[in-house]
Amino acid sequence: MAALSQQTVIAVVGAGAMGAGIAQVAAAAGHPVKLLDNRPDAAARAVAGIRAQFARLAEKGRMSAEAAAAAGDRLIPVHELAHLADAGLVVEAIVEDLEAKQTLYRDLEHIVGPECIFGTNTSSISVTAIGAALKRPERLAGLHFFNPAPLMALVEIVSGLATDRTVADTLFATASAWCKTPVHAKSTPGFIVNRVARPYYGEALRLLHEGAADCATIDACCREAGGFRMGPFELMDMIGHDVNFAVTQSVWKAFFNDPRFLPSLLQQELVAAGFLGKKSGRGFHDYREGAVPPLPASESARPAPATIALCGDSPATAALAARLAERGVSFSHRAAGDGRIAEADGVALYVTDGRSATRRAFASGVAATVLVDLALDYAKAGRLAIAVADQCADPAPAIGLLQAAGLAVSRFADVPGLAVMRAVAMLANEAADAVNQGVCDAAGADAAMRLGVNYPRGPLAWADGIGLENIRDVLANLGQTYGEDRYRISPLIQQKVFAGKKFHD
Ligand SMILES: NC(=O)c1ccc[n+]([C@@H]2O[C@H](COP(=O)([O-])OP(=O)(O)OC[C@H]3O[C@@H](n4cnc5c(N)ncnc54)[C@H](O)[C@@H]3O)[C@@H](O)[C@H]2O)c1
């Protein structure tokens with residue numbers, strides 16, 4: 001399917017943060033762009049702002065002065081819907097309200113030509129529901145940009161129940177021509193990104209609620225071991241708790257209160273207190289003047305142990321063993337079911353499989369059991385979280401071992417799954433369900449999470465690397481511990497394990 005030609009007039013309705021960004025993208029791609037807002041002068045001000053943006057890009061050498069001037073000239077502020085009669089695409093970025101969006105597109109149906117297509121930038125409203133108000137709902141699809149639109153590569157192309165496939169394909173090709181990375185999605189709550197990302201916040205909130213560690217420590221583990229650009233608490237503080245809590249609630253309600261998406265009482269309290277994050281000076285962290293950013297908790301230095309056993313055969317265990325070996329740290333490596341794991345080994349160290357260390361020690365009969373969290377890349381990790389079995393008298397050998405390999409060690413309370421493993425297993429589980437339910441394909445889910453929220457790896461590719469049977473075990477163990485449907489294993493993960501397949505073969 002061909003992209004809309006550069007001669008096609010693009011109309012953008014709503015000249016706020018998103019509308020202005022989308023207009024900038026379309027004008028830079030060579031289209032005449034008409035911008036409309038119902039606030040007087042908002043469109044003209046947005047056009048002036050975008051032109052200034054083009055001039056700045058030219059100053060920085062990112063576009064030529066001629067191209068910047070030409071792109072600026074292609075922007076036309078307009079004041080009435082009637083001025084959009086010649087548009088080939090109307091992108092809507094107005095207030096997030098179903099009735100307002102339906103009214104706008106219903107009015108536009110009387111104004112634009114039969115070939116004109118409609119792309120709504122809604123983040124959370126059903127594209128099917130917006131389309132239901134139209135005479136020809138087949139011409140409407142979601143065209144979901146991320147903020148800031150000129151910088152973020154991802155665009156979700158969302159098909160409602162009535163959306164014509166050629167409309168979705170035209171938008172897909174057009175977004176590609178605009179130098180974006182589009183992914184197809186079905187109109188379901190949260191589409192891809194706002195759905196699959198929920199566990200990154202939700203599981204961290206649970207860890208905090210259960211006293212696993214403080215926010216700064218969980219954040220540091222997610223960054224320094226998980227490779228996430230921001231920890232969950234600093235990210236929620238940046239997004240704003242009013243916004244993040246509203247999205248969580250809307251996805252939870254839209255999925256008929258599925259416990260997967262259950263909102264957190266801790267976050268509700270923050271919203272009630274007006275501690276909305278960075279913008280209000282206070283959230284999980286304190287941003288007021290003079291506030292000292294908290295440091296993550298790290299264990300004090302311990303000597304490297306004489307004997308210690310790293311147990312297990314998973315790819316994560318092998319990668320941790322490689323890090324220890326590369327740093328010249330001495331340890332023995334035992335298979336998980338190896339009967340030789342015994343007190344003589346000093347401490348038995350495992351990568352978490354979703355059981356608590358205490359439960360694992362009980363199962364193996366080895367009191368001195370310590371668990372280590374997952375790392376994106378053990379060779380590069382700067383910090384690892386550990387959990388110590390209640391039966392273990394002295395975890396110092398495990399701490400000393402990891403420190404000898406150059407790692408900072410954060411001791412968590414003995415919660416199942418720790419921070420990174422729990423987050424990644426649940427992110428992969430959600431992505432797998434989205435694929436299983438036909439919302440997107442595996443490549444689309446991974447691209448969406450890498451480009452829409454900057455994850456260091458797509459959750460399904462990440463799960464492939466960890467081993468899907470290991471992800472299944474983590475989820476099963478979490479489910480057994482909590483007894484909640486929240487941790488039910490996606491049928492697609494189970495299916496892949498039985499078939500010996502991966503998401504990306
Ligand atoms: N801000 C984000 O991070 C983000 C990201 C992706 C999608 N979205 C979605 O994009 C849309 C716009 O969000 P935003 O953050 O740009 O909001 P915003 O408040 O910055 O801008 C909305 C603009 O639309 C105008 N407007 C409202 N109703 C109108 C109408 N009936 N006709 C014409 N103009 C109207 C307002 O005057 C305002 O200028 C929403 O649907 C939102 O959910 C937002």
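Note that the coordinates shown come from a computational prediction; the quantities given were computed from them, not determined experimentally. Every heavy atom of this structure was used, including side-chain atoms; hydrogens, water molecules and symmetry mates were not. Counting starts at 1 for both ligands and their atoms, following the listed order.
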Problem - Non-hydrogen side-chain atoms of Tyr482 and Arg206 separated by less than 4.5 Å - result: yes

- request: Answer yes or no: is there a side-chain heavy-atom contact under 4.5 Å between Val155 and Thr181?
  value: no

When distances are taken from atom 14 (P) of ligand 1, the protein heavy atom at minimum range is Met18 CG, 3.9 Å

Atom 38 (C) of ligand 1: closest protein heavy atom, distance to 0.1 Å, is Asp37 OD2, 3.4 Å

For atom 29 (C) of ligand 1, the closest protein heavy atom turns out to be Asn38 ND2, 3.2 Å

Nearest non-hydrogen protein atom to atom 27 (C) of ligand 1, with distance, is Val95 N, 3.6 Å

- Task: Indicate yes or no: does Asp86 engage Lys34 in a salt bridge with an N to O separation below 4.0 Å.
- Result: yes

The protein heavy atom nearest to atom 6 (C) of ligand 1 is Phe145 O, 3.2 Å

task: Name the orientation class of the two ring planes belonging to Phe261 and Phe255 (parallel below 30°, tilted from 30 to 60°, perpendicular beyond 60°).
output: parallel

Quiz item: Within a strict 4.5 Å, meaning less than it, do heavy atoms of the Leu374 and Trp462 side chains meet?
Solution: yes

Exercise. Take atom CZ in Arg106; do more than 12 heavy atoms of anything else shown fall under 6.0 Å from it?
Worked result: yes

The atoms of ligand 1 lying under 4.0 Å from a heavy atom of His144, numbered in the order shown, are 6 (C), 7 (C)

Query raised in the report: Are the aromatic ring centres of His285 and Phe233 under 6.0 angstrom apart?
Result: no

Handout entry: 4.0 Å protein heavy-atom contact status of atom 19 (O) of ligand 1, strictly under
Key = no

As a test of the contact definition, would atom 31 (N) of ligand 1 count as having a protein heavy-atom neighbour under 4.0 Å? yes

Contacts satisfying ring-ring contact (aromatic ring centres under 6.0 Å, His included) that involve residues 110-134 (not counting sequence neighbours) are Tyr105-Phe118

For ligand 1, is there an N or O atom under 3.5 Å from any N or O atom of Asn121? yes

For atom 22 (C) of ligand 1, the closest protein heavy atom turns out to be Ala93 O, 3.6 Å

Step through it carefully: locate the ring centre of Tyr200, locate the ring centre of Phe228, and say whether they are under 6.0 Å apart. yes

Point to revise | Geometric N/O contact Ser123 with ligand 1, under 3.5 angstrom | key: yes

Per-atom filter on ligand 1: closer than 4.0 angstrom to a heavy atom of Asn147 are 1 (N), 2 (C), 3 (O)

Hey, is Ala100 one of the residues with a heavy atom under 4.0 angstrom from ligand 1? no

Atom 11 (C) of ligand 1: of Val247, Ile94, Val13, the nearest heavy atom sits on Ile94

of all protein heavy atoms, closest to atom 42 (C) of ligand 1 is Glu96 OE1, 3.7 Å

of all protein heavy atoms, closest to atom 21 (O) of ligand 1 is Gly16 CA, 3.2 Å

For Lys101, the atoms of ligand 1 under 4.0 Å from one of its heavy atoms are 40 (C), 41 (O)

Here the pair of heavy atoms bringing Gly438 nearest to Lys186 is O-CD, 3.6 Å

### Query
Taking the six-membered ring for Trp, are His184 and Phe172 ring centroids under 6.0 Å apart?
yes

